[in-house]
Amino acid sequence: MKKIKWGILGTGGIAKKFAEALKAVENSELYAVGSRSRESAESFAREFNVTKVYSSYEDAANDPDVDVIYIGTPHNLHCENTLMSLEKGKHVLCEKPLGINGIEVRKMISKAKVKNLFLMEALWSRFLPNIIKAKELIDSGEIGKVKLLSSYFSIKSSYGPEHRQFNKVLGGGSLLDIGIYNVFLSLFLLGKPKEFIAIAGIGNTDVDNSCSFTFQYDQDTLAVMYSSFVAQAQSIAEIHGETGKILLPEMFFCPNNVKIIRPDGEEKIIPFEFKSNGYNFEAEEVVKCIQSGKIQSELMSWNDSLDLIDMLDSIRKKCGIVYPGHDL
């Protein structure tokens with residue numbers, strides 16, 4: 001199969017994790033990197049042995065040898081960078097959230113359809129074997145009917161107000177950055193809720209420092225979740241069923257094991273081996289889809305991304321979370 005040549009836009013922490021993961025992906029080559037800073041791009045290229053270095057995102061997207069672009073820029077640039085890359089004829093894997101809101105995501109999907117190019121949201125947890133196994137266990141009735149899902153992602157951020165986590169211009173706040181994992185997990189495991197409630201703790205920079213949201217499903221089934229940048233707490237997920245529970249341990253959204261716990265205390269651990277940091281699984285899906293001529297993934301489809309962003313938009317409306325220039 002033809003080797004897929006990747007370009008990366010952005011040189012921050014998430015881009016470095018993805019670049020590291022590409023080393024474990026067959027038929028892939030990290031070929032180009034684009035940054036608004038030549039110095040940053042050159043440093044990134046030295047670290048990951050990248051062939052081509054560009055001091056703008058557009059120049060990287062213009063490279064005729066690049067097949068697909070991974071977008072690892074701040075949230076507020078995802079739509080702009082994706083539309084530009086698609087316009088240049090490149091397939092796109094864009095870091096989550098795909099866009100700031102549903103309006104942006106629909107523009108991105110529409111452009112991909114018109115250009116007949118692959119587009120996928122890089123929500124890496126969707127492709128992890130442990131998350132997929134949890135879904136299989138629930139669907140098979142391993143723990144009976146699910147009654148309660150609890151999912152928390154809480155870290156005490158050490159960054160200042162100008163950092164993207166707290167900067168509303170950059171799409172900051174806990175919901176879009178880390179709460180998205182909780183929302184995704186509930187949608188993936190249980191589907192769309194019938195009703196929901198949400199409340200946010202809005203900080204001095206007008207973004208949600210903390211956000212709490214609860215989804216109601218059939219009968220007495222709830223998903224209770226929160227995200228926070230101001231409290232260091234356990235980030236675990238538990239799915240409680242009538243005949244047992246599934247535990248996704250600390251950092252539940254990362255590569256890990258799966259534990260089944262019975263009412264009598266009996267425990268069973270399902271382990272997994274990981275050859276890289278976990279971002280390789282989403283990259284492998286992109287390569288497979290592109291080589292098969294697909295323009296969207298069946299695992300993380302455009303409808304999946306729309307369901308996710310629409311839920312996030314609904315939570316934001318309830319909480320009064322507003323981003324300048326990105327109206328709902």
Side-chain angles (χ1 to χ4, degrees), residues 2-100 104 108 111-112 115 117-124 158-160 162-167 169-172 176-177 276-284 286-287 290 325:
K2 174 184 177 292
K3 181 173 284 190
I4 299 296
K5 290 188 174 181
W6 289 81
I8 287 184
L9 304 190
T11 56
I14 194 70
K16 289 182 178 180
K17 289 179 180 178
F18 187 78
E20 181 64 31
L22 275 182
K23 296 176 183 178
V25 181
E26 293 182 0
N27 296 319
S28 284
E29 175 187 350
L30 178 48
Y31 181 76
V33 59
S35 173
R36 291 174 292 189
S37 163
R38 180 78 186 185
E39 181 181 1
S40 178
E42 289 179 344
S43 175
F44 189 95
R46 286 193 298 271
E47 183 175 355
F48 296 102
N49 195 29
V50 185
T51 304
K52 292 292 187 71
V53 179
Y54 296 100
S55 53
S56 78
Y57 301 143
E58 188 170 11
D59 286 347
N62 272 327
D63 189 312
D65 292 322
V66 170
D67 299 303
V68 56
I69 287 180
Y70 168 76
I71 293 173
T73 55
H75 299 164
N76 63 307
L77 296 178
H78 286 182
C79 181
E80 174 187 328
N81 292 160
T82 294
L83 294 178
M84 180 270 293
S85 298
L86 291 169
E87 189 62 38
K88 302 293 184 182
K90 308 303 182 186
H91 302 293
V92 173
L93 173 65
C94 180
E95 189 52 53
K96 58 81 187 164
L98 190 54
I100 290 288
E104 292 189 350
M108 297 156 80
K111 175 66 76 171
K115 303 297 286 188
L117 290 167
F118 181 83
L119 170 66
M120 190 181 84
E121 183 172 11
L123 208 161
W124 71 312
S158 60
Y159 294 111
E162 74 288 341
H163 189 268
R164 65 169 183 82
Q165 289 180 346
F166 298 104
N167 190 330
V169 175
L170 302 180
L176 292 191
D177 200 67
S276 185
N277 60 18
Y279 289 86
N280 51 300
F281 294 108
E282 64 182 6
E284 288 167 358
V286 174
V287 170
I290 291 175

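The model shown is predicted, which means the values in this text are computed figures rather than measured ones. Position 1 is the first residue of the sequence; numbering continues from there.
Residues satisfying the side chain to side chain donor-acceptor pair (under 3.5 Å) test with Asn81, not counting sequence neighbours, are Thr73. Annotation: salt bridge (Lys or Arg N to Asp or Glu O under 4.0 Å) contacts of Glu284 (sequence neighbours excluded): Lys275. Remark: Tyr70 engages Glu95 in a side chain to side chain donor-acceptor pair (under 3.5 Å) (not counting sequence neighbours). Residues that satisfy the ring pair (Phe, Tyr, Trp, His ring centres under 6.0 Å) test with His78, not counting sequence neighbours, are His75. Partners of Glu20 under the side chain to side chain donor-acceptor pair (under 3.5 Å) rule, at least two apart in sequence or in another chain, are Lys23. For the side chain to side chain donor-acceptor pair (under 3.5 Å) test, residues two or more places apart in sequence or in another chain that qualify with Asp65 are Tyr31.
Met84 has its side chain within reach of Leu9: a pair of non-hydrogen atoms, C-beta onward, lies under 4.5 Å apart.
Among residue pairs with one or both ends in residues 85-94, those qualifying as side chain to side chain donor-acceptor pair (under 3.5 Å) are Glu58-Lys88, Asn62-Lys88, Glu87-Lys111; sequence neighbours excluded.
Side chain of Gln165 to backbone of Gly172: no donor-acceptor contact under 3.5 angstrom is found. With hydrogens and angles disregarded, a donor-acceptor distance shorter than 3.5 Å links the side chain of Ser35 to the backbone of Ser37.
When all heavy atoms of Met108 and Leu83 are compared, the pair lying nearest together is CA-CD2, 3.9 Å.
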Return a table of donor-acceptor pairs under 3.5 angstrom between the side chains of residues 39-49 and protein atoms on other chains or two or more places apart.
from  : atom 1 : to    : atom 2 : distance (Å)
Ser40 : OG     : Thr11 : OG1    : 2.5
Glu42 : OE2    : Arg38 : NE     : 3.0

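In this structure, the separation between CD1 on Ile69 and CG on Leu86 is 9.0 Å, given to the nearest 0.5 Å.
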